[in-house]
Structures are given as C-alpha cells and as structure tokens.
Amino acid sequence: MIEAVDRNSNQADLNAIREAVLGWHAHSGRNLPWRDDRHDPYRVLVSEMMLVQTTVSAVIPYYHKFLARFPTVESLAGAPEPDVLKHWEGLGYYRRARQLHQMAREVTDRFGGTIPADEADLLSLPGVGRYIAGAVRSFAFDQPAPILEANTIRLLARLTGTKEEVTSGSAQKRLWATAESLVSPDDPGTFNQALMDLGAEVCTPRNPDCSHCPIADFCVANREGLTESIPVRLARKPPTPGEEAAVVLTRASDRSILLLERPETGLWSSFWELPTFWISGADPARRASLGASIATPEKIPQAVGHLFGLDSVDVEPAPRVTVNYVVTRYKMFLQVMFGSVRETGRRHDTPNCPDGWKSARFVSHDDMKKLTMPSAHRKVLRKVDF
DNA sequence: AATTCGGGGGA
DNA sequence: TCCCCAGAATT
C-alpha cells in the first residue's frame with residue numbers, strides 16, 4: 001500500500017493502479033456517444049465544450065442535434081452565430097457556444113482547418129483550458145496528457161487522502177501532479193476515460209461503492225474512513241432572492257409579441273426576452289436599468305406604454321403566471337403580467353428601444369421560435385398558451 | 001483568490 | 001431543499 005500516489009508511490013504501485021483501472025473499465029466503462037469516434041478531435045471538442053459544468057445526461061441530446069447540424073469544423077465555421085446559439089438554447093453557459101464557434105473559425109484561419117495536437121496551440125483556442133487540452137490530446141491523439149475534472153478531482157482526492165479544500169491552489173497543483181504521474185503511457189486516452197468513469201459510477205459524491213472499487217486497496221480515504229469527508233469543499237453561500245415582473249404585450253392586429261434584445265455583455269448576452277422589470281432584491285439580469293423607477297407591479301401598466309412609445313396600451317396588473325428560476329447565485333421569482341396594444345398604427349410597428357438594450361420589436365409566433373431566449377422566458381411563453 | 005457565466009437532475 | 005455537474009475567463 002502507498003501513502004499517496006504523488007509522493008511515496010513506486011512504479012509497481014502506479015502500474016498496479018493503472019491495470020486495475022483499465023481492467024475495471026473493460027467491462028464496466030460507460031458507453032457515451034462522443035466515444036463512438038474518439039479519435040475525431042472535432043467531436044471531442046464539441047462534447048467537452050458542452051460538458052463544462054454540465055451533466056452527461058443533459059448533454060447527450062444536445063450533442064446529437066448539434067453534430068447533425070454541424071458535422072464538421074468547416075460547417076460550424078461557416079454557420080451564422082444565431083444558428084449556433086439556437087442549437088445551444090437551454091444548455092446554459094452560452095459563452096461556450098460562441099467560443100466553440102470562434103474556435104472553428106480560428107482552426108480554419110490559423111491551422112488550415114485541422115485541429116492542432118500541440119498543447120500550446122490548443123490552449124490558444126477560445127474556451128480551451130488545461131482540462132480540455134488534455135482531453136483532446138489524450139482522447140483524440142493518444143498523447144500521455146493528464147486531465148483533472150469533477151470526477152477525477154473527487155477520485156484522486158480520496159485516493160491520495162487530500163484533506164485540504166480541493167479548489168485551493170496547492171491542492172490543485174498536487175492533484176494535477178498526481179494525474180500526471182498516474183496517466184498510463186501506453187493508452188492514456190482510455191485510461192483517462194476509465195478514471196472518469198470510475199469516479200462517475202463507483203467513487204460517487206455520496207455513498208461511494210468502495211466494495212466494488214478496483215483500487216480500494218490503494219485508497220487513503222477508504223483506509224482511513226474518510227470517503228464521506230473527502231473531497232473538502234468550501235461551504236457555498238445561500239442564493240440571494242429577487243423579484244421580477246415580465247409583461248406579455250400582444251399587438252392586437254397580428255397577435256405578435258413585444259420582445260427585447262439584451263445587451264452584448266453579461267448574462268444571456270444578445271438573447272431575446274420579454275420586457276421584464278426589476279421589483280426587489282437581486283437583479284442578476286440588470287433589469288433595474290429598464291425603468292428602475294418602476295419597482296412595483298402597480299406602476300407597470302402606466303410605464304409600459306410610455307417606455308416603448310406606444311399608444312393604447314392596456315396591462316392587467318394581476319399576475320396569473322409565475323416562474324421560479326435560479327441563475328448563478330440568485331433565486332428569482334418572476335411574475336407575469338398581460339397586456340395588449342389595441343390599435344394598429346405606425347407607432348406600434350416600431351417600439352422605442354430602452355437605453356442599454358440592443359433592439360425592441362414585435363415578433364410573430366413563428367419568428368419567436370427561431371430566436372434564442374432564456375429558459376425562464378421560454379417557460380413563460382409555454383405556460384401562456386398561444 | 002473570487003466571481004461570473006445556466007440549467008437540470010438526483011438524493 | 002441542497003448539492004453537484006468532463007471548467008474557463010475575467011476581475
């Protein structure tokens with residue numbers, strides 16, 4: 001037995017761990033769609049970008065749809081950004097979609113359409129950090145590059161008995177060193193995937209199945225009864241609550257609905273959303289800038305017509321639909337109001353765009369489906385029932 | 001070193 | 001409810 005894989009370990013222990021992990025993986029590894037063509041670096045990149053802080057089960061349907069529409073680097077590089085974002089809608093962390101899109105264009109421009117295998121080249125691409133670079137190198141190019149991510153952080157922290165907070169700089173440095181010393185020189189890609197699978201299926205966050213773990217004999221946490229207390233993580237702060245009110249403002253002449261295009265920076269950048277007013281508490285979407293003086297639901301009916309320069313606006317103050325959603329560290333309560341513009345006229349065709357937003361317009365039912373919107377507002381429109 | 005980036009699933 | 005998820009970029 002070894003004290004820790006990155007310190008008092010010898011070559012025989014390392015080899016024994018590698019063989020045990022690979023042997024377990026041969027019959028108990030996960031069968032995942034992006035492994036069907038593991039050596040296609042484009043598929044590796046698409047899957048890894050989607051999997052950033054996102055569960056495997058959430059990614060699988062998006063992966064299939066995305067690859068059906070953008071099967072190659074060239075097809076993605078040549079696609080318009082709204083098309084790319086639409087295929088990402090609902091997955092979250094939309095910066096990744098733009099980074100992947102930009103990545104395809106840089107691969108085309110800087111690397112002649114071929115995804116590079118060199119670490120520095122990979123790290124120079126947008127959205128690629130140490131983990132994704134290691135994943136592409138080991139999975140697609142069979143290079144002995146280490147990886148460190150959620151599953152292997154937990155597994156390696158337990159294996160080595162890491163008692164410090166795992167996101168701290170010193171712990172990260174040691175865990176990366178452990179991963180590097182452990183990665184199999186013979187089949188690094190399979191080994192790295194096997195280590196992740198073992199973390200996902202056996203070395204789980206709670207109630208790890210140590211009795212079926214192929215490397216339990218080498219595990220410090222198992223030996224010392226610390227599997228429930230490792231990994232150590234900082235206590236997270238409770239979410240800050242906030243209230244908003246959204247208005248579904250329908251134009252009577254054609255049943256189109258008023259939508260706003262969000263600013264280019266920050267949360268949901270350049271997404272389309274219902275006009276939404278900040279009421280109280282947290283304001284993660286910076287909606288206070290849209291008429292902060294309102295701040296009470298009662299004032300919204302009067303303010304809407306004035307804010308958008310519309311005549312004959314009628315808004316019901318009573319909310320009939322509510323949606324709760326969580327974004328970053330904020331827990332939001334969204335109440336929905338309903339309004340209509342009863343008369344048609346030029347002023348209704350071109351609503352004023354409030355300061356800070358990119359544009360405002362009435363959108364038809366068909367066009368609404370094509371735009372990319374935050375999930376909470378998608379949910380509102382589903383519940384409203386057109 | 002802390003924050004910002006979403007959204008969903010499982011216990 | 002609470003916790004976590006194949007992290008990276010910015011401040």
Side-chain angles (χ1 to χ4, degrees), chain A residues 29-30 32-35 38 43-63 85 88-100 102-103 122-136 138-139 145-156 165-172 175-176 179 189 192-201 203-207 228 231 233-240 262 265-269 271 273 282 284-286 323-332 372-379:
Chain A
R30 290 178 294 180
L32 301 171
W34 41 90
R35 292 183 182 172
R38 198 190 93 185
R43 293 183 173 232
V44 174
L45 276 172
V46 170
S47 63
E48 295 304 341
M49 290 296 283
M50 287 185 170
L51 285 161
V52 170
Q53 290 293 289
T54 308
T55 56
V56 167
S57 63
V59 164
I60 287 176
Y62 283 87
Y63 177 79
L85 281 176
W88 209 276
E89 185 180 45
L91 195 54
Y93 290 110
Y94 301 98
R95 177 183 298 171
R96 299 177 294 169
R98 295 181 165 112
Q99 288 170 327
L100 181 59
Q102 179 62 27
M103 187 193 304
L122 285 167
L123 290 173
S124 76
L125 294 170
V128 177
R130 192 171 177 185
Y131 163 73
I132 293 183
V136 172
S138 62
F139 303 165
I147 58 161
L148 190 66
E149 45 73 64
N151 294 299
T152 62
I153 287 171
R154 184 173 59 250
L155 186 151
L156 295 179
E165 204 280 313
V166 289
T167 67
S168 70
S170 59
Q172 285 285 306
L175 290 166
W176 271 106
N192 282 339
Q193 291 182 347
L195 213 57
M196 287 191 287
D197 286 5
L198 192 56
E201 309 229 305
C203 196
T204 49
R206 283 175 298 279
N207 305 316
E228 290 299 326
R233 291 185 184 279
L234 263 47
R236 74 190 52 196
K237 299 164 188 170
T240 305
R262 290 184 58 80
T265 58
L267 188 68
W268 298 314
S269 49
F271 276 35
E273 65 179 2
R286 296 188 162 90
V323 170
N324 295 296
Y325 69 96
V326 178
V327 58
T328 55
R329 286 199 264 100
Y330 305 100
K331 181 176 176 55
M332 306 303 294
T372 307
M373 300 177 65
S375 287
H377 287 206
R378 278 284 174 215
K379 192 175 295 183

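Not measured: the values here are computed from a predicted model. Convention: sequence-line order gives letters A, B, ...; per-chain numbering from 1.
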Colleague: Atom CD1 of Ile60(A) and atom C1' of dC5(C): how far apart are they, to the nearest Å?
Modeller: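 In whole Å, dC5(C) C1' and Ile60(A) CD1 are 14 Å from each other.
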
Colleague: Checking all strands, does Val56(A) fall into the base, sugar-phosphate, or nothing category for heavy-atom contacts under 4.0 angstrom?
Modeller: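 Sugar-phosphate only.
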
Colleague: If you assign each of Leu123(A) and Leu51(A) to its closest nucleotide in DNA chain C, which residue comes earlier from the 5' end?
Modeller: Leu51(A)

Colleague: C1' atom, dC5(C) versus dG6(B): distance in rounded Å?
Modeller: 12 Å

Colleague: Base, sugar-phosphate, or nothing: which does Arg35(A) touch, judged by heavy atoms less than 4.0 Å apart?
Modeller: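 Contact class for Arg35(A): base.
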
Colleague: Under a 3.5 Å distance rule, please check whether Arg329(A) uses its side chain to pair with a backbone N or O of Thr240(A) as donor and acceptor.
Modeller: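 No.
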
Colleague: Does Glu201(A) reach the main-chain N or O of Gly29(A) with its side chain, forming a donor-acceptor pair under 3.5 Å?
Modeller: no

Colleague: With a 3.5 Å limit on both atom pairs, tell me what dG6(B) is paired to, counting Watson-Crick and G-U wobble, or say none.
Modeller: none

Colleague: Rounding to a whole Å, what distance do you find between Glu48(A):CD and dC5(C):P?
Modeller: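 Nearest whole value for this atom pair: 15 Å.
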
Colleague: Would you indicate what Trp34(A) reaches in the nucleic acid, counting non-hydrogen atoms under 4.0 angstrom: base, sugar-phosphate, or nothing?
Modeller: base

Colleague: Sub-3.5 Å donor-acceptor pair from the side chain of Trp88(A) to the main-chain atoms of Gly92(A), do we have one?
Modeller: yes

Colleague: Over 60° means perpendicular and under 30° means parallel, so tell me whether Trp34(A) and Tyr63(A) are parallel, tilted or perpendicular.
Modeller: perpendicular

Colleague: Generate the contact string for nucleotides 2-11 of chain B. Rules: B means base contact, S means sugar-phosphate contact only, - means no protein heavy atom under 4.0 Å.
Modeller: -SSBBS----

Colleague: For Leu45(A) and dA6(C), what is the distance between atoms CG and P respectively, to the nearest whole Å?
Modeller: 18 Å

Colleague: Rounded at 0.5 Å granularity, tell me how far CD in Glu149(A) sits from CG in Leu51(A).
Modeller: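 One gets 9.5 Å once the value is rounded to the nearest 0.5 Å.
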
Colleague: Could you check whether Leu195(A) gets within reach of a base, just the sugar-phosphate, or nothing at all, counting any heavy atom under 4.0 Å?
Modeller: nothing

Colleague: Which whole-number value in Å describes the distance from Leu32(A) CG to dC5(C) P?
Modeller: 16 Å

Colleague: In this structure, how many angstroms lie between the C1' atom of dC5(C) and the CZ atom of Arg30(A), rounded?
Modeller: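 Spelled out: CZ on Arg30(A) to C1' on dC5(C) is 11 Å.
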
Colleague: In whole angstrom, give the distance that lies between atom CG of Leu175(A) and atom P of dA6(C).
Modeller: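 After rounding, the reported distance stands at 17 Å.
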
Colleague: From the options dA9(C), dA6(C), dC5(C), select the nucleotide whose nearest atom is closest to the side chain of Gln99(A).
Modeller: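 Closest of the options to the side chain of Gln99(A): dA9(C).
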
Colleague: Which residue lies toward the 5' end of DNA chain C, Gly127(A) or Phe139(A), if each is placed at its nearest nucleotide?
Modeller: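 Result: Phe139(A).
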
Colleague: Can you confirm whether Arg286(A) is buried at CZ, in the sense that more than 12 heavy atoms of other residues, nucleotides or ligands lie under 6.0 Å from that atom?
Modeller: no

Colleague: If we take the C1' atom in both dA9(C) and dG8(B), what is their distance in whole Å?
Modeller: 23 Å

Colleague: For Met196(A) and dC5(C), give me the distance from atom CE to atom P, rounded to whole Å.
Modeller: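 For the pair Met196(A) CE and dC5(C) P, the rounded distance is 13 Å.
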
Colleague: Counting C-beta onward and ignoring hydrogens, is there a side-chain heavy-atom pair between Met196(A) and Ile147(A) closer than 4.5 Å?
Modeller: yes

Colleague: Take the protein atom CZ of Arg233(A) and the nucleotide atom C1' of dC3(C), then report the distance between them rounded to whole Å.
Modeller: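 To the nearest whole Å, that distance equals 10 Å.
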
Colleague: Output the distance between atom CD (Gln193(A)) and atom CZ (Arg38(A)), rounded to the nearest 0.5 Å.
Modeller: 5.0 Å

